[in-house]
Every structure is written in structure tokens, then in C-alpha cells.
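Owing to the predicted nature of the structure, the values given are computational and were not obtained by experimental measurement. All ligand and atom numbering here is 1-based and tracks the order in the structure.
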Amino acid sequence: MTEKTDIKSLTVEELELRLKEQGIQGFRARQIFQWIHEKLADSFEEMTNLSKDLRRQLEEEYELVALSAADVKVSAADGTRKYLFRLGDGHVIESVLMKYKHGNSVCISSQVGCRMGCRFCASTLGGLERNLKPSEMLSQVYRIQKDTGERVSHVVVMGTGEPLDNYDSLVRFIRLVTDERGLNLSQRNITVSTCGIVPGIERLAEEGLSVTLALSLHAPSDQVRKTLMPVACKYALKDVLSACRLYFKRTGRRLTFEYSLVKGVNDNLEEARALADLIRDQQGHVNLIPVNPIKERDYVQSDSRSIAAFKECLERKGINVTVRREMGRDIGGACGQLRKSYMDRKQEG
Ligand code: SAH
């Protein structure tokens, strides 16, 4: 049996071409695209302005990817929702909805698992299973918007996976989710977070997009960075930072430098000063994240006094700093820990 085409990953233009080859009029492509990406249909059955015959034909030739929720946790404290979605092949992924004053933001996964091996991260413990398709990235956003009945205005690609390790699907996802004939998100409201894959950053800079890039920095020197992030052995900080400068030059988008504070590893004032010097000539700000301890590692969160001192030190040196607010604290876990605990349970049971 030949595999059905993944219709949700196609652009209007691609769909139009295919339909024409099958003798179907071009305007149908726009109708179908609208059903999938604006009305967020989960089946061809729902597409009631298409004839029954056409719907049956689509059913035969195309696959319409939809996710089922394996688990949802809702925070009573701040309305954060953590979703565990099951994919067509049985794998599960994690997505999070965060409610802010400026809108609803969804954090999506870009891969099933991850091969980057960051020492403090739960998502990488089982390695990489596979890349997500654009349709599977879109479906996380669509499913959550349907579930809450509220518009999603922001997307952060900060869930499980390294988005620049799944480059083509990432870019296709961005183009589809910002298509004005679909969900029509603003590119400026999309953030892509990377551990620092230099060729990927350089390529994204030339893509003609205006999404925000967040760089997971986590240390001001290659030496310390290498102890936290194996990717630092492949790409030196100076090259990562010059790719970031190129990114700003090409896109005009200011960067976010993420820095997870780990007690006794990267949180002393000498490191704060080195960090300030390192990014002095960059356009962007630092986002400090108190590390979320995971049970497989013995990293400990910096205490609030060290965090405040670190922040103050950066500010004195003229760097813009925010400290990430912990969302959904009452529903536990973060950064791939929901998926991890689900997999652990499954293995035990
Ligand atoms: N692979 C991408 C995106 C996924 S991780 C990246 O590395 O940027 C999103 C962010 O969460 C990264 O900054 C990552 O370093 C951070 N992170 C992962 N696990 C964490 C933990 N346990 N505590 C704090 N930050 C964590």
C-alpha cells in the first residue's frame, strides 16, 4: 500500500497543483486549506461545502493528521495546561498552554525525544525517536485552540526537541501557521529556541522570516558550557554568537539569551560579569531560568538570593534581564518531565 499524502503539511499552492493533476478545480484547494488551518477540521467529513464524492476521494488519497490527548493537567493557580498528545504511531509528545496578559502562548515540541544530550534536560534522556512532521507541530497548536475555545496568539518552539535539527519541518510549520489564509499568527509572535546549531541559525537568518530566536546559552565560557551541553563541543561560543549577530542583522529581531541557573555550576557573580561582557554587543536580552531539577541528575536550583544578585550584576552592566516566571507550578514538572514520567509509568506497568 502506498502511503497517503500528509495534507496538513502542504501549502495552498502545493495542494492546488496536486488537485489539478487529479482534475479537481483550483479553488477547492483554498476551501480545503481553510477547513484545515482556519476552521481546524479534524476530518474530511466536516468539510460540508465539498461534495460527498470529493470528500471520499480526499479520504482515499490523503491523511489528515490529528492528535488525541492522552493526558491534560490544568493549573488552578494560573490556568496553565499541560497536554500529553498521542501521535498516529503511538509516540507521545508534550505541549503546554500558558495564559499571559498579552495572549495565549503554546509551547510545542519539534521532535519525539532529542539527541542533543543537555545534562539538565529530561527530554533528551531517552535520545531521539523521530522528527515531527509540520502537520504534527501544527496540530499541537490547533488542538489546544479547539480545546480551550480561545485564540492562540503566540507559539514558542521550546518543548521537546531541537528545532534546528528538524529544520525543513520547522520552516514549513512557521510558514503554514502564519499563512493569512489559515490561523494567521504573526511571525513576530513565534519564538524558536535553539541550543546553538551554527549552520541552522545562519540558514534561518536568510530565510526571510521575522521570528524571534532564543539561544540557550547557559554559560559564559566554552569550558563550563561543555559540561552542560554536549553541542558546545561542536560549536564554539564565539561562532554561535557571531551567528546570532548575523541573525539580528538579517531579520532585525532582537534575540533572547536563555540562561538556566544551576547552583554552584554557572551562577556566581564572576560568571554574571563574563556573561555581560560576552553579549555586550548583541541586540537582545537575557532570560534567567531557575533550573528545574530532574530526578535523573543532581543539579540544584540556584537560591533566590543568588538569582537576584546575578540579575542585578547583569543590569548594572547595562544588560536587559528578565527572570522566567514559573507557570503551572501546582501541576508539577516542566521541560519534558510530563512525557518522561508517562514513559516511566508505561515501562513499569
Ligand atoms: N532544544 C531547544 C529547545 C528546547 S529546550 C533549546 O535547547 O533551546 C527549551 C529551553 O529549556 C532551553 O533553554 C533548555 O536549555 C531549557 N531547559 C531544558 N531543561 C531544563 C530544566 N530542567 N531546567 C531549566 N531549563 C531547562
Side-chain angles (χ1 to χ4, degrees), residues 82 93-96 98 105-128 131-132 137 140 155-167 169-170 173-174 190-198 200-201 204 211-219 224-232 234-235 237 240 243-244 247 255-263 265-267 275 284-302 307 310 322-329 332-341:
K82 293 184 178 169
I93 53 169
E94 195 173 326
S95 325
V96 185
M98 291 158 292
S105 178
V106 171
C107 173
I108 65 160
S109 295
S110 56
Q111 296 180 313
V112 183
C114 184
R115 59 184 181 136
M116 295 299 132
C118 298
R119 301 286 299 159
F120 45 80
C121 181
S123 292
T124 198
L125 290 168
L128 175 69
N131 281 329
L132 288 183
M137 296 169 74
Q140 299 172 56
V155 169
V156 295
V157 190
M158 277 191 193
T160 299
E162 166 51 45
L164 298 183
D165 190 36
N166 184 14
Y167 188 90
S169 293
L170 171 77
F173 161 77
I174 295 170
I190 296 182
T191 300
V192 174
S193 178
T194 178
C195 61
I197 298 183
V198 172
I201 298 174
L204 195 66
V211 299
T212 301
L213 187 69
L215 174 74
S216 299
L217 198 51
H218 303 324
V224 177
R225 201 162 180 263
K226 280 178 190 171
T227 66
L228 294 170
M229 309 170 73
V231 73
K234 189 152 182 202
Y235 303 109
L237 261 180
V240 177
C244 290
Y247 191 83
L255 287 98
T256 301
F257 297 98
E258 297 165 278
Y259 197 105
S260 296
L261 287 160
V262 189
K263 194 184 180 108
V265 174
N266 64 358
D267 67 342
L275 174 63
H285 77 281
V286 172
N287 190 211
L288 296 175
I289 312 165
V291 82
N292 268 298
I294 58 173
K295 68 174 193 306
E296 290 80 3
R297 304 269 187 264
D298 48 13
Y299 289 126
V300 178
Q301 202 172 79
S302 306
I307 297 174
F310 200 94
T322 48
V323 178
R324 181 174 300 173
R325 198 154 51 94
E326 251 184 283
M327 305 284 281
R329 211 189 174 120
C335 307
Q337 293 182 55
L338 186 61
R339 174 171 176 268
K340 183 70 180 47
S341 64

Check Glu258 against ligand 1 and report side chain, backbone, both or neither, counting heavy atoms closer than 4.0 Å.
-> side chain
Here the atoms of ligand 1 under 4.0 Å from any heavy atom belonging to Cys195 are 6 (C), 7 (O), 8 (O)
So is Met229 close enough to ligand 1, meaning a heavy atom under 4.0 angstrom away?
-> no
For Cys121, the ligand 1 atoms with a heavy-atom partner under 4.0 Å come out as 18 (C), 19 (N)
Is the Tyr259 ring parallel, tilted or perpendicular to the Phe310 ring (thresholds 30°, 60°)?
-> tilted
Can you list the ligand 1 atoms lying under 4.0 Å from a non-hydrogen atom of Thr194?
-> 6 (C), 7 (O), 8 (O)
Contact atoms of ligand 1, heavy-atom distance to Gly159 under 4.0 Å = 4 (C)
Could you tell me if any non-hydrogen atom of Met116 lies under 4.0 Å from any atom of ligand 1?
-> no
Is there a nitrogen or oxygen of Arg324 sitting under 3.5 Å from a nitrogen or oxygen of ligand 1?
-> no
Ion pair present between Arg115 and Glu162, side-chain N to carboxylate O less than 4.0 angstrom?
-> no
Name the option, out of Gln111, Arg297, His218, Gln301, that contains the heavy atom nearest to atom 14 (C) of ligand 1.
-> His218
Considering residues at least two apart in sequence or located in another chain, which fulfil the side-chain contact (heavy atoms from CB on, under 4.5 Å) criterion with Thr212?
-> Thr191, Arg253, Thr256
When you check the side-chain N and O atoms of Thr322 and Asn287, is any donor under 3.5 Å from an acceptor?
-> yes
Just distances here: any N/O of Ile289 and N/O of ligand 1 closer than 3.5 Å?
-> no
Step by step, work out the side chain to side chain contact (heavy atoms under 4.5 Å, CB included) result for Cys107 and Ser95.
-> CA-CA 6 Å; Cys107 173; Ser95 325; over 6 Å; no
Using side-chain contact (heavy atoms from CB on, under 4.5 Å) as the criterion, list what pairs up with Asp267, not counting sequence neighbours.
-> Leu261, Lys263, Ser302, Ser306
For Gly161 and ligand 1, answer yes if some heavy atom of the residue is under 4.0 Å from a ligand atom, otherwise no.
-> yes
Taking the side chain as every heavy atom from C-beta outward, state whether Arg225 and Thr227 have any pair of such atoms under 4.5 Å apart.
-> no
Side-chain donor-acceptor pair under 3.5 Å between Asp165 and Gln111, yes or no?
-> yes
Check each atom of ligand 1 against the heavy atoms of Met158 and keep those under 4.0 Å away; list them by number with element.
-> 4 (C), 5 (S), 9 (C)
